[in-house]
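Right, I'll just put the structure down here and ask away after.
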Amino acid sequence: MKQILAGLLLGGYLVAGLFFLKFWARSHDRLFAMFAAAFGMLAVQRLVLAVTNDYAEDRPDIYLIRLVAFVLIIVAIVDKNRR
């Protein structure tokens with residue numbers, strides 16, 4: 001069951017990343033590029049969890065990837081609202 005949920009989350013993150021990548025290609029807005037990168041990073045961390053079969057999400061390497069992705073989202077929002 002955990003692998004199914006991990007696969008669904010991985011697919012969702014990839015779809016969201018491609019969604020934002022499509023909008024970045026049309027508008028060349030940095031917000032969309034940063035969101036696409038963040039969702040790509042979240043997909044990578046889910047892939048690492050699924051491949052290692054270790055679903056302990058409190059591992060430092062997994063937590064660091066997720067932390068950087070969320071910080072990137074916050075930076076993108078702040079950057080968009082400063083201009």
Side-chain angles (χ1 to χ4, degrees):
M1 185 66 160
K2 289 182 180 181
Q3 288 180 338
I4 293 171
L5 290 175
L8 287 172
L9 285 170
L10 173 66
Y13 287 141
L14 286 175
V15 167
L18 291 174
F19 182 76
F20 286 116
L21 195 62
K22 178 179 80 167
F23 283 113
W24 173 78
R26 288 183 184 172
S27 67
H28 294 288
D29 190 356
R30 284 190 304 196
L31 175 81
F32 296 130
M34 288 187 208
F35 269 51
F39 279 104
M41 293 174 72
L42 289 171
V44 166
Q45 67 97 16
R46 279 291 159 189
L47 182 64
V48 169
L49 280 174
V51 168
T52 60
N53 278 335
D54 181 20
Y55 293 100
E57 296 186 11
D58 58 347
R59 292 180 12 207
D61 54 343
I62 299 299
Y63 184 77
L64 184 64
I65 294 171
R66 188 178 302 146
L67 178 67
V68 171
F70 286 129
V71 167
L72 187 59
I73 289 172
I74 292 170
V75 167
I77 293 170
V78 169
D79 180 55
K80 182 69 174 180
N81 287 321
R82 286 188 61 203
R83 289 191 266 146

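Note that this is a predicted model, so its numbers are computed, not measured.
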Establish whether Ile73 and Leu31 are linked, either directly or via other cluster members, by ILVMFWY side-chain heavy-atom contacts under 4.5 Å.
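Hydrophobic grouping puts Ile73 with Leu31.
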
Between Arg66 and Leu42, is a side-chain contact (heavy atoms from CB on, under 4.5 Å) present by the stated rule, with each step listed?
CA-CA 6 Å; Arg66 188 178 302 146; Leu42 289 171; 4.0 Å; yes

Quick one: sort the Tyr13 and Phe39 rings into parallel, tilted or perpendicular, breaks at 30° and 60°.
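Correct class here is tilted.
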
Is it the case that one hydrophobic cluster holds both Phe23 and Val75, taking links as side-chain heavy atoms less than 4.5 Å apart, direct or via other members?
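Different hydrophobic clusters.
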
Are Val15 and Leu9 connected into the same hydrophobic cluster when the rule is that any two of I, L, V, M, F, W, Y join if their side-chain heavy atoms are below 4.5 Å apart?
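No, separate clusters.
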
Using the side-chain hydrogen bond (donor to acceptor under 3.5 Å, both in side chains) rule, collect all pairs that involve residues 15-41, keeping only residues at least two apart or in two chains.
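side-chain hydrogen bond (donor to acceptor under 3.5 Å, both in side chains) check on residues 15-41 returns Asp29-Lys80, Arg30-Asp79.
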
How far does CG of Leu67 sit from CD of Gln45, to the nearest 0.5 angstrom?
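If I round to the nearest 0.5 Å, the distance is 11.5 Å.
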
Shortest non-hydrogen contact from Ala36 toward Phe20
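For Ala36 versus Phe20, the nearest heavy atoms are N-CB, 3.8 Å.
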
Give a yes or no on whether Phe19 and Phe32 share a hydrophobic cluster (residues Ile, Leu, Val, Met, Phe, Trp, Tyr; joining criterion: side-chain heavy atoms under 4.5 Å apart).
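The answer is yes; both residues are in one hydrophobic cluster.
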
Roughly how far, to the nearest 0.5 Å, is CG of Asp61 from CG of Leu64?
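Rounded to the nearest 0.5 Å, the CG-CG separation comes out at 8.0 Å.
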
Among Val51, Leu10, Leu14, Ile65, side chain to side chain contact (heavy atoms under 4.5 Å, CB included) partner for Arg46:
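Considering Val51, Leu10, Leu14, Ile65, a side chain to side chain contact (heavy atoms under 4.5 Å, CB included) with Arg46 is found only for Leu10.
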
Membership question, hydrophobic clusters at under 4.5 Å side-chain separation (ILVMFWY): are Leu47 and Tyr63 in the same one?
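Shared cluster, no.
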
